[in-house]
Amino acid sequence: MSNITKKTMAIAMAAAVSVAGPVGAGMLAPTTAIAAPGSAIDTNRTGSITINKYEGQPGDTSTPLPGTTFRVEQINLQDDQLNPQGYNLDRQQAWDVVAKWADNVAGAPAAGYSGEQATNDEGTATFDQLPVGLYRVTEQARGGGYTVAPPFLVTIPRTDNGEPSYDVTVSPKNQKLQPTKKVETDNYTVGDDVQYNVATTLPAFEANRQNESLQVVDTLPAQLTWDANNPNHTVRVAYYDDSAAEAADVKGTAGTALVAREDYNVTLEEDNKLTVTFTEAGITKLRAARATNPELALGVRFKATVNAVPGNGVLSNTAQVIYNGNATDTTDPRDPENTGTETQFVNVAVTKQLAGKDVDDNKNGSGAKFEIYRCTQDTSGRWNIADGAQPERVRVNNATVTEIEAIGADGQAAVANATGLNRAKADRDANSTAVAYVDYCAVETAGVAGYLDNPEPQHLEFTAAAGTDTGATGTLSGTVNNAKNSIWGNLPATGERTMLILLALGLVLFGGGAAYQLSRRNAA
């Protein structure tokens, strides 16, 4: 059998099967025989193409998908080489043209009927009164993370048990991709590397495996630098058996790793666009793994260097998963309503007071030093350093530090200022739609001579900059007060609250001792 005859039979059988069952992303592999092209085909008849659209895995028809638009176009069967007379499907020459366009569906020239229609509530769209011929069905992108079936060809009629059928039903599938992007690194500032994890569920891939494509693209903002020559910036790609959540949370090597330059290539294109393009070998591996595990997920992780704080304080960008040319944006798993992964940088201002005043005895708090920690509040209202917290990295005079010093002119309050603190999001309450942030406290590490150190964490309140919302730049500010070390002389520096407790205890003991001595004197 000649190659063109083989293609003719393949497209004919594929068209026949595409009416009989779901089409994952094109035409299913042939399983039904078809009579020789041209046998018993009545070119004076009209027919129809009914599209049943479902969401989910191939073969699952339980969830109709309304609102998906399809375009149906009749293809010109006249061809200068194969069918110059323009014969219809009752002649072999027309089927030779069908075979020609089997490998180039998008390039087939349209002629004659063309129409668009959206699926109804039952997920169905019907195009009727169609002449006998070859048609291209093209699904229009609907957004919302759904995959889009590539264009495919359908003939009217199809052959069923040797008999032509002029009413064709096709069932292309939609699967919903759910890509997320997460900032994995904590406690970073300008000059530091930050790790991003992009994770996504995977489609079942196409039965027609030609020209299939998969990319993960992250257009980095100007404040992020990715360097292919920096080994710390190496892009790691793996797939995970359990879920996209596992892929998003991975910090180290996990899952089944794919091989750079064999399964995927990494490039930095114009506009700071970091692109991971999967090769045919990589897609083959993913297809094989996905075939037995619908929960399979893909994870791409990389680091980039923060080179500056944006003017509004928010470092935001969105990755995209591009499957067969259709892009789906990532979301932040801690803020699903936000289409971009955001890192908020804020200022810090800790005011130092002495004896409850900005200036005491012509002295301010200059020279006092502080560290900033994540903190939590207990049931008594007391603030405590969060478990495992390290001093936050901030910027002072273009240098990264973890300790900041209060400075103030004579007669004015001394304030410890810093920029570039990464204000992290807290784990989201499942019952809340609000985005929550972790709390921060200032802890005094060096006090002022003549005043008692105050080592208790002091909570810092966030205030957005004027004219902005809470998502823009702002300041974490608070006050740390030192009591004067005068009445109690050389009491240890244990903080205001502890100091007062010791004072009260001393008064009790003094009162008790005085009463005891008085009772002994009276007894004598």
Side-chain angles (χ1 to χ4, degrees), residues 183-196 220-226 272 303-317 332 340-353 358 364-375 383 385-386 389-409 412-426 435-446 457-480:
V183 181
E184 192 62 55
T185 307
D186 289 329
N187 192 0
Y188 60 90
T189 189
V190 176
D192 293 337
D193 284 334
V194 55
Q195 179 174 312
Y196 291 99
L220 303 175
Q223 294 81 15
L224 283 178
T225 300
W226 183 81
N272 217 21
K303 289 183 178 180
T305 303
V306 181
N307 59 60
V309 173
N312 68 350
V314 179
L315 189 62
S316 178
N317 69 311
D332 183 343
T341 299
E342 289 187 348
T343 299
Q344 185 187 82
F345 291 99
V346 299
N347 302 322
V348 176
V350 181
T351 301
K352 183 62 181 175
Q353 288 191 335
D358 291 343
N364 63 14
S366 291
K369 296 180 180 180
F370 309 93
E371 292 177 337
I372 311 301
Y373 289 86
R374 295 187 184 190
C375 56
W383 289 95
I385 296 174
Q390 298 296 316
E392 294 291 315
R393 295 168 63 81
V394 293
R395 301 282 288 181
V396 176
N397 296 327
N398 296 319
T400 299
V401 299
T402 57
E403 188 176 58
I404 58 178
E405 182 176 348
I407 299 173
Q412 298 180 3
V415 181
N417 288 300
T419 62
L421 184 143
N422 166 216
R423 186 181 181 222
K425 292 177 181 176
V435 177
Y437 291 87
V438 300
D439 287 289
Y440 293 88
C441 289
V443 175
E444 188 172 66
T445 57
Q458 303 296 310
H459 186 243
L460 302 178
E461 295 288 344
F462 176 77
T463 304
T468 66
D469 59 26
T470 55
T473 187
T475 302
L476 287 168
S477 59
T479 300
V480 177

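Bear in mind the structure is a predicted one, so any value in this text is a computation, not a measurement.
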Side chain to side chain donor-acceptor pair (under 3.5 Å) partners of [X], counting only residues at least two apart:
X: Gln223; value: none
X: Asn307; value: Thr225
X: Thr305; value: Asp193, His233
X: Glu405; value: none

Which heavy atom in [X] sits nearest to a heavy atom in [Y], and how many Å separate them?
X: Arg423; Y: Tyr440; answer: CA-OH, 3.6 Å
X: Gly420; Y: Thr189; answer: O-OG1, 2.7 Å
X: Ala406; Y: Ala414; answer: CB-CB, 3.9 Å

Where the side chain of [X] meets the backbone of [Y], is there a donor-acceptor pair that is under 3.5 Å apart?
X: Asn364; Y: Gln412; result: yes
X: Asn317; Y: Leu220; result: no
X: Thr351; Y: Thr479; result: no

Residues two or more places apart in sequence or in another chain: which of them pass side chain to side chain contact (heavy atoms under 4.5 Å, CB included) with [X]?
X: Val306; value: Tyr188, Val190, Val194, Leu224, Leu315, Phe345
X: Ile407; value: none
X: Glu461; value: His459
X: Ala349; value: Val415, Asn417, Thr475, Ser477

Problem - Modelled atom types, side-chain donor and acceptor of Gln353 and Asp358, under 3.5 Å - result: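 Yes, Asp358 and Gln353 have a side-chain donor paired with an acceptor closer than 3.5 Å.
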
Just verifying a value: how many Å separate [X] [atom1] and [Y] [atom2], rounded to the nearest 0.5 Å?
X: Asp186; Y: Gln390; atom1: CG; atom2: CD; value: 11.5 Å
X: Phe370; Y: Lys352; atom1: CZ; atom2: NZ; value: 4.5 Å
X: Leu460; Y: Tyr373; atom1: CG; atom2: OH; value: 13.0 Å

Handout entry: Partner set under ring-ring contact (aromatic ring centres under 6.0 Å, His included) for Tyr196, not counting sequence neighbours
Key =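 Residues passing ring-ring contact (aromatic ring centres under 6.0 Å, His included) with Tyr196: Phe302.
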
Name each donor-acceptor pair under 3.5 Å that joins a side chain in residues 391-399 to protein atoms two or more places apart or in another chain, with its distance.
from	atom 1	to	atom 2	distance (Å)
Arg393	NE	Asp192	OD2	2.8
Arg393	NH2	Asp192	OD1	2.8
Arg393	NH2	Asp192	OD2	3.4
Arg395	NH1	Thr400	OG1	2.8
Arg395	NH2	Asn398	O	3.0

Answer whether the closest heavy-atom distance between the side chains of [X] and [Y] falls below 4.5 Å.
X: Asp439; Y: Trp383; answer: yes
X: Thr419; Y: Val309; answer: no
X: Lys425; Y: Glu342; answer: yes

